[in-house]
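A short write-up of the structure that comes next.
Labels below follow one simple rule: chain letters A, B, ... track the order of the sequence lines, proteins then strands, and each chain is numbered from 1.
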Amino acid sequence: MNYWLMKSEPDAFGIEDLKSRPEQTEPWDGVRNYQARNFMRDAMKVGDGVFFYHSNCKVPGIVGIAEVASKPYPDPTQFDPDSKYYDPKSDPDDPRWILVDVKFKRDLDRVLSLAEIKEHADALGDFALVRKGNRLSIMPLTEQQWNYLLELETS
DNA sequence: GCCAACGTTGGC
DNA sequence: GCCAACGTTGGC
């Protein structure tokens, strides 16, 4: 089992939106970064743990827990000319952008803000979120990092 | 294949 | 709203 952190802007799609979806599940569309895509395409497995992270908002941080709910499949928005994620260069016979479905599990008891997480940078070791200038929207965590953050939640 | 210009992310 | 970081694009 692998562990992930996935960012979303709550103004566009927050954890409340995920919770209100049918089956509390949503295709994680719109990822247009190769590194993030590769994580979904090559490494994610159904049942993997996901920290749901709110970015670009008043208090950025981890707000809940979700899980990977599908195998990887082509992101349909890349072929939709009306979508803001439309990519005319993507070949339907060899889709460029891949996604997985994400399913809500639970809210955190409290938000683990980025500021608080940064205070634990030493304990978290080499965690992409606390590295300067990181813009990756999907990143892996080790089991140790995952458990450390869960313990932080109840501390 | 280099790299300047440009666009985007996302914290602050 | 600013701007640092950094990915992408396109001219050469």
Identify, between A/N134 and A/N56, the residue whose nearest nucleotide on DNA chain C lies closer to the 5' end.
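Between the two, 5'-proximity favours A/N56.
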
Does a donor on one side chain and an acceptor on the other come within less than 3.5 Å for A/Y85 and A/D80?
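Looking only at side-chain atoms, A/D80 and A/Y85 do not form any donor-acceptor pair under 3.5 Å.
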
Let's see if you can work this out: which of C/dG7, B/dG11, C/dT9 has an atom nearest to the side-chain heavy atoms of A/K89?
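The nucleotide sitting nearest to the side chain is C/dT9.
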
Out of B/dG11, C/dT8, B/dT8, which nucleotide sits closest to the side chain of A/Y34?
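Taking heavy atoms from C-beta onward, the closest nucleotide is C/dT8.
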
Rounded distance in Å - [atom1] ([X]) to [atom2] ([N]):
| X | N | atom1 | atom2 | result |
| --- | --- | --- | --- | --- |
| A/I62 | B/dG10 | CD1 | C1' | 16 Å |
| A/Y85 | B/dT9 | OH | P | 8 Å |
| A/K84 | B/dT9 | NZ | P | 8 Å |
| A/N33 | B/dG7 | CG | C1' | 14 Å |
| A/L136 | C/dG7 | CG | P | 9 Å |
| A/E116 | B/dG11 | CD | P | 16 Å |
| A/E9 | B/dC12 | CD | C1' | 15 Å |

Below 4.0 angstrom from OP1 or OP2 of [N], is there any side-chain N or O of [X]?
| X | N | value |
| --- | --- | --- |
| A/K132 | C/dA4 | no |
| A/Y53 | B/dG11 | yes |
| A/K7 | B/dG11 | no |

Rounded distance [0.5 Å steps], NE2 in A/H120 versus CD in A/E151
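Atom-to-atom, A/H120:NE2 and A/E151:CD are 11.5 Å apart.
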
Pick base, sugar-phosphate or nothing for A/K58, based on heavy-atom distances below 4.0 Å to the nucleic acid.
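Since no nucleic acid heavy atom lies under 4.0 Å of A/K58, the category is nothing.
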
For A/W97 together with A/Y34, are the ring centres under 6.0 Å from each other?
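Yes, the ring centres sit under 6.0 Å apart.
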
Test salt bridge (Lys or Arg N to Asp or Glu O under 4.0 Å) on A/R32 and A/D87; report intermediate values, then the result.
CA-CA 9 Å; A/R32 296 294 180 267; A/D87 183 353; 5.3 Å; no

